[in-house]
Q: 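Here you go, one structure.
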Amino acid sequence: PELPEVETVCRTLDPIVTGRRFATFELLWPRTLSHPDPGEFLRRIAGQTITSVRRRAKLIVVTLATGGVITVHLRMTGELLFRNAGFDTGENEKTPYLRAAFLFEDGSELLFYDIRKFGRIAYLTTTQYSELDDSVGIEPLNHSFTPEWLAHNLNRRKRQLKPLLLDQTFIAGLGNIYVDESLFLAGLHPLTRSDAVTSDQAEKLHAAIVDTLSGAVERRGTTLRDYRSGLGESGENRSRLVIYGSKPGAPCSRCGTALERLIVGQRGSILCPNCQPLPILAGRPNR
């Protein structure tokens, strides 16, 4: 899950769980809880009231009334689902993958499922969360993210474009799906050196990032396999993807050229060699 998916989970959960009080917490897979230990975690949240559920980068941030936050990182296959009191999960296919459960005083629950077990839950004090917040990059849907900011900060670095866009300390929330989509729409090769991006190209890339993310949020994210909203609903953005998920050799939707796949920064990338030409500078080693 990337920015649109995590944003959707937060938007679905916020109006439902805000104002509810935690009764207890059950941990079914020890490593799901990264901080603190289970006993201290329960002591910190028991009786606490939720004041908001919001997103920062790819994190779900549950703010508590008396200070501190619960953070949930879905990673690859995590799902955070709300269930009303009396809801019977029965023997559904997800039951074996339940890793943690938050129980509210009214009997409702927040259930954390995770097939691959990479997801993490933590409790952070206000100071700890502030430090985390400061370590993460700019939010691409905030007003402070402008074409001028992007051009300036791309040119300050000498990195391949795609790995830089995936760097959460640079821009928060972007992942493989929306970086590939944005680079294609902007006509930029993923290996382009960031310091070679012109102001016009940065403006196109900025527009592509904002439009791609905004559209995906409106359509409640992209469900490829595991992702669901906080109410268990699939996202509707998959059919709107312009290049991600396409197979190598398939015709480009713009020009008909056969698409190519390459590995960039250990991540698979799909691109059109005609619409996204590789600049000569990109072939030089980074200094």
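Owing to the predicted nature of the structure, the values given are computational and were not obtained by experimental measurement.
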Q: Does the side chain to side chain contact (heavy atoms under 4.5 Å, CB included) test come out yes or no for Arg99 and Lys117, once each step is laid out?
A: CA-CA 8 Å; Arg99 309 303 178 193; Lys117 302 179 181 178; 3.5 Å; yes
Q: Please list all pairs meeting ring-ring contact (aromatic ring centres under 6.0 Å, His included) that have one or both residues in residues 149-176, counting only residues at least two apart or in different chains.
A: Phe145-Trp149, Trp149-Phe170
Q: In this structure, which one of Arg220, Arg55, Arg54 forms a salt bridge (charged side-chain N to carboxylate O under 4.0 Å, His left out) with Glu7?
A: Arg55
Q: Flag the pair Arg116 and Asp226 as a salt bridge only when some basic side-chain nitrogen lies within less than 4.0 angstrom of an acidic carboxylate oxygen.
A: no
Q: Between the side chains of Lys58 and Glu5, is the shortest nitrogen-to-carboxylate-oxygen separation below 4.0 Å, so that they form an ion pair?
A: no
Q: Could you go through the side-chain hydrogen bond (donor to acceptor under 3.5 Å, both in side chains) check for Ser108 and Asp106 one step at a time?
A: CA-CA 6 Å; Ser108 59; Asp106 64 1; 2.6 Å; yes
Q: With ring-ring contact (aromatic ring centres under 6.0 Å, His included) as the rule and sequence neighbours excluded, what pairs involving residues 13-66 come up?
A: Phe22-Phe102, Phe22-Phe104, Phe25-Phe41, Phe25-Phe102
Q: In this structure, which one of Thr63, Leu59, Thr125 forms a side-chain contact (heavy atoms from CB on, under 4.5 Å) with Val69?
A: Thr63
Q: Go through the steps to decide whether Leu262 and Glu260 satisfy the test side chain to side chain contact (heavy atoms under 4.5 Å, CB included), and finish with yes or no.
A: CA-CA 7 Å; Leu262 71 159; Glu260 296 180 356; 5.7 Å; no
Q: Supply the atom-to-atom distance Ile243 CD1 to Leu183 CG, rounded to the nearest 0.5 angstrom.
A: 9.5 Å
Q: Starting at CG of Leu224, measure out to CG of Leu241 and round the result to the nearest 0.5 Å.
A: 7.0 Å
Q: Under 3.5 Å, is there a donor-acceptor pair between the Ser144 and Asn142 side chains?
A: no
Q: Is there a path from Phe82 to Ile70 through hydrophobic residues (I, L, V, M, F, W, Y) whose side chains come within less than 4.5 Å of each other?
A: yes
Q: Before giving the answer on side chain to side chain contact (heavy atoms under 4.5 Å, CB included), spell out for Ile50 and Asp14 the whole-Å C-alpha distance, their side-chain angles and the decisive distance to 0.1 Å.
A: CA-CA 9 Å; Ile50 295 175; Asp14 181 60; over 6 Å; no
Q: Leu33 and Leu98: same hydrophobic cluster, using ILVMFWY side-chain contacts below 4.5 Å?
A: no
Q: Taking C-beta and beyond as the side chain, do Asn153 and Ile138 meet within less than 4.5 Å on heavy atoms?
A: no
Q: Check Glu105 with Arg21, please: is the shortest side-chain N to carboxylate O separation under 4.0 Å?
A: yes
Q: Of all the heavy-atom pairs spanning Arg254 and Leu185, show the shortest one and how long it is.
A: NH2-O, 3.3 Å
Q: Verify whether one side chain among Tyr178 and Thr222 offers a donor that lies under 3.5 Å from an acceptor in the other.
A: yes
Q: Looking at residues at least two apart in the chain, or sitting in another chain, which of them share a salt bridge (charged side-chain N to carboxylate O under 4.0 Å, His left out) with Arg238?
A: none
Q: Which heavy-atom pair separates Ser135 from Thr169 by the least distance, and what is that distance?
A: O-CG2, 3.5 Å
Q: Please name the pair of heavy atoms, one in Pro147 and one in Glu203, separated by the smallest distance, quoted to 0.1 Å.
A: CB-CA, 4.2 Å
Q: If hydrophobic clusters are built by linking Ile, Leu, Val, Met, Phe, Trp and Tyr wherever their side-chain heavy atoms come under 4.5 Å apart, do Val264 and Val179 end up in the same one?
A: no
Q: Do the side chains of Arg193 and Arg157 get nearer than 4.5 Å, heavy atoms only?
A: no
Q: Report the C-alpha separation of Leu150 and Ile171 in whole Å, then their side-chain angles, then the decisive distance to 0.1 Å, and conclude whether the side chain to side chain contact (heavy atoms under 4.5 Å, CB included) test is met.
A: CA-CA 9 Å; Leu150 184 58; Ile171 298 177; 4.1 Å; yes
Q: Is the shortest heavy-atom distance from the side chain of Cys272 to the side chain of Leu259 under 4.5 Å?
A: yes
Q: Treating Ile, Leu, Val, Met, Phe, Trp and Tyr as nodes and any side-chain heavy-atom pair under 4.5 angstrom as an edge, say whether Leu166 and Leu164 lie in one connected cluster.
A: yes
Q: Decide yes or no for Pro4 and Asn237: does some side-chain heavy atom of the first lie under 4.5 Å from some side-chain heavy atom of the second?
A: no
Q: If you look at every heavy atom in Thr257 and Cys255, which pair is closest and at what distance?
A: OG1-SG, 3.1 Å
Q: Could you point out which residue of Thr192, Asp167, Asp180 forms a side chain to side chain donor-acceptor pair (under 3.5 Å) with Lys162?
A: Asp180
Q: About how many Å separate CD of Glu79 and CZ of Phe112, when rounded to the nearest 0.5 Å?
A: 9.0 Å
Q: Please report the closest heavy-atom contact between Ala23 and Ala46, naming both atoms and the distance.
A: O-CB, 4.1 Å
Q: Closest approach of Pro1 and Arg75, non-hydrogen atoms and distance?
A: CD-O, 2.7 Å
